[in-house]
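Reminder, nothing fancy here: chain letters follow the sequence lines and each chain counts from 1. Here the structure is a predicted model, which is why all the values come from computation and not from measurement. Below, all heavy atoms of this structure are taken into account, side chains as well, without hydrogens, waters or symmetry copies.
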There are 2 protein chains.
Amino acid sequence: MAPRGETKERILQAALESFGTVGYDGTSLDDLAAGLGIRKQTILYHFVAKRNLLNAVVDHNTVYLTEALEQVLSSKASDADRIEALVRSVFRVALEQPLLLGLLREVSRPGSPAAPRLRNMMVPLMDRAVAWMEAEMAAGRMRRTDAQLVLLSAYSTVVGLATEIEILRAAGIERALRPVALRRRELLRFLRASLIPAK
Amino acid sequence: MAPRGETKERILQAALESFGTVGYDGTSLDDLAAGLGIRKQTILYHFVAKRNLLNAVVDHNTVYLTEALEQVLSSKASDADRIEALVRSVFRVALEQPLLLGLLREVSRPGSPAAPRLRNMMVPLMDRAVAWMEAEMAAGRMRRTDAQLVLLSAYSTVVGLATEIEILRAAGIERALRPVALRRRELLRFLRASLIPAK
DNA sequence: AGCAAGACTTACCAATTGGTAGAGAAATGG
DNA sequence: CCATTTCTCTACCAATTGGTAAGTCTTGCT
């Protein structure tokens, strides 16, 4: 018998992996259980229903992301450098929890059972980030653009880069496989060039 | 009985819609047929297997996209304005075939049965676009950045914006629902600001 | 020791899935 | 007018799915 709540934790981890790669529909409780050397009913015992498992995985993993972003946004640090802190923060989370991005992609699909869950997590965060960017623009410290467009673009880019690795690899894009740190540096340079006024 | 190949065409259209919204696994042949007032076996008669149907949908719909992009890239038009032509072209396709973007998102997921098909379509296109951008940069007509990163970012942005409408709407982002033309104008302005040297 | 709660299992099920086999109906070409 | 091809149907199936019911084993508390 598994000590303490270890089994539940292992199920959450395996579910994250499976949902993020083959998707919600593509994940069968039988396979999931088999991969853990467990019976399917053990999963249902802990989470009652498959949909609940997805919600639990989302809740359990988006905490890293929201906490990291919250911290950056609420810091009183230097203004222009906060872009850098924002990007670094996102990349750090992506490095520590690479499977999270696959999950985000899966879960943000229209019609996903956990879409409402994700919305409740993301919307306030997005609102705060937009408010911050607009304040920066109003103060002339940032080039005037559509904040929501830029943020959604950045979000889609990170998720896309991490998630379409298979296609990138087939394209012979060795660069896609370079250490994340290098890509981060280039993304930073690009964002600085686009957002920070020439002088 | 349906005249000529009309039924086949209708199946392709309905399949595009279904694959693009609820995904491949989320699409059942029975439901698909029911929506068309047809029996499932009619679908299987025309496409033999579900996987073949997906491939056919991909082939049938990416033609618009590849042709439009091919045309822009091979045109000898003014250099800097080709960014604009590129964006306009993508948006035009997105307007005429709004479901295509949902399909692209679904199909570019790692593990999708049609992923190889998509790769073969996209890779040469991407190579040409990258080559063009790098030539522009070498000639000093475009700010120096990672061409692949920018292109993938733009791709992810368009797909993301079109595909995460549900979440955007819940976020109370009325702007997301504004006419596509407006968003296009803002994206254009952003790209110009980031890519074209100050002077 | 005894007992209750938690953890995991076996046994089973109704529903749905993609797919096969073969029979008719409609159009087409001679 | 007949024969062939194209198209759609009914009937059926094996496999997989998420989920229920009820049992067994372990652990911890008194």
Side-chain angles (χ1 to χ4, degrees), chain A residues 1-58 60 103 106-107 109 111-117, chain B residues 1-58 60 103 106-107 109 111-117:
Chain A
M1 211 107 305
R4 309 247 320 177
E6 189 194 316
T7 303
K8 199 169 182 178
E9 208 67 31
R10 284 177 64 224
I11 294 174
L12 280 171
Q13 179 62 24
L16 167 64
E17 200 159 335
S18 186
F19 287 150
T21 51
V22 295
Y24 179 77
D25 290 326
T27 297
S28 93
L29 295 184
D30 280 303
D31 293 350
L32 204 59
L36 290 168
I38 278 179
R39 253 28 73 190
K40 162 180 57 169
Q41 285 67 14
T42 304
I43 299 179
L44 286 173
Y45 165 75
H46 282 287
F47 298 96
V48 180
K50 190 186 181 186
R51 182 180 300 242
N52 288 9
L53 175 59
L54 177 59
N55 283 334
V57 170
V58 170
H60 190 257
L103 179 72
E106 163 70 12
V107 137
R109 184 183 70 186
S112 163
R117 209 93 172 182
Chain B
M1 210 107 303
R4 308 251 318 179
E6 188 195 317
T7 301
K8 198 168 182 178
E9 208 68 29
R10 286 178 62 224
I11 294 174
L12 280 172
Q13 179 63 25
L16 167 63
E17 199 159 335
S18 186
F19 287 151
T21 51
V22 296
Y24 179 77
D25 291 324
T27 298
S28 93
L29 295 184
D30 280 302
D31 294 349
L32 204 59
L36 290 168
I38 279 180
R39 252 28 73 191
K40 162 179 59 173
Q41 286 68 14
T42 303
I43 298 178
L44 286 173
Y45 165 75
H46 283 286
F47 298 96
V48 180
K50 190 186 180 185
R51 183 181 299 243
N52 287 8
L53 175 59
L54 177 60
N55 283 335
V57 170
V58 170
H60 190 257
L103 180 72
E106 164 70 12
V107 136
R109 183 183 70 188
S112 163
R117 209 91 172 185

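- Side-chain contact between A:Arg10 and A:Ile38: present, with at least one pair of heavy atoms (C-beta onward) separated by less than 4.5 Å.
- Rounded to whole Å, the distance from NZ on A:Lys40 to C1' on D:dT20 is 10 Å.
- Here the nucleotide nearest the side chain of A:Tyr45, chosen from C:dA7, D:dT17, C:dT17, is C:dA7.
- With distances taken from any side-chain atom of B:Ile38 to the nucleotides D:dC9, D:dG19, C:dC8, the minimum falls on D:dC9.
- Rounded to whole Å, the distance from CZ on B:Arg51 to C1' on C:dG19 is 14 Å.
- Note on A:Thr42: a base of the nucleic acid sits closer than 4.0 angstrom, heavy atoms only.
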Inset, instruction - Dump the intermediate steps for side chain to side chain contact (heavy atoms under 4.5 Å, CB included) on A:Asn52 and A:Leu44, then the final yes or no. - result: CA-CA 9 Å; A:Asn52 288 9; A:Leu44 286 173; over 6 Å; no
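- Counting any heavy atom pair closer than 4.0 Å across all strands shown, B:Leu29 reaches sugar-phosphate atoms only and no base atom.
- Residue B:Thr7 has a polar side-chain atom (N or O) positioned under 4.0 Å from OP1 or OP2 of D:dT8.
- Each of A:Val48 and A:Asp31 lies near DNA chain D, and the nucleotide nearest A:Asp31 is the one positioned closer to the 5' end.
- Atom CG of A:Leu32 and atom P of D:dG19 are 13 Å apart (whole Å).
- Side-chain polar atoms of A:His60 and A:Glu9 form a donor-acceptor pair below 3.5 angstrom.
- Below the 3.5 angstrom threshold, one finds no donor paired with an acceptor across the side chain of A:Lys50 and the base of D:dG19.
- Although no hydrogens or angles enter the test, the distance criterion places a donor-acceptor pair under 3.5 Å between the side chain of B:Thr21 and the main chain of B:Glu17.
- As rounded to whole Å, 15 Å separates atom P of D:dA15 from atom CG of A:Asp30.
- Distance A:Leu36 CG to C:dA7 C1': 15 Å, rounded to the nearest Å.
- Atoms CD1 (B:Ile11) and C1' (D:dT6) sit 14 Å apart, rounded to a whole Å.
- When the P atom of C:dA11 is taken as reference, atom CG of A:Leu44 falls 18 Å away, rounded to whole Å.
- With respect to A:Leu53, the side chain to side chain contact (heavy atoms under 4.5 Å, CB included) criterion is satisfied by exactly one of A:Leu32, A:Val48, A:Thr27: A:Leu32.
- Of the listed nucleotides (C:dG18, C:dT10, D:dG19), C:dG18 has the atom at the smallest distance from the side chain of B:Ser28.
- Taking atom CG on B:Asp25 and atom P on D:dA15, their separation rounds to 20 Å, with Å as the unit.
- In this structure, A:Gln41 and A:His46 both approach DNA chain C, and ranking their closest nucleotides by distance from the 5' end singles out A:His46.
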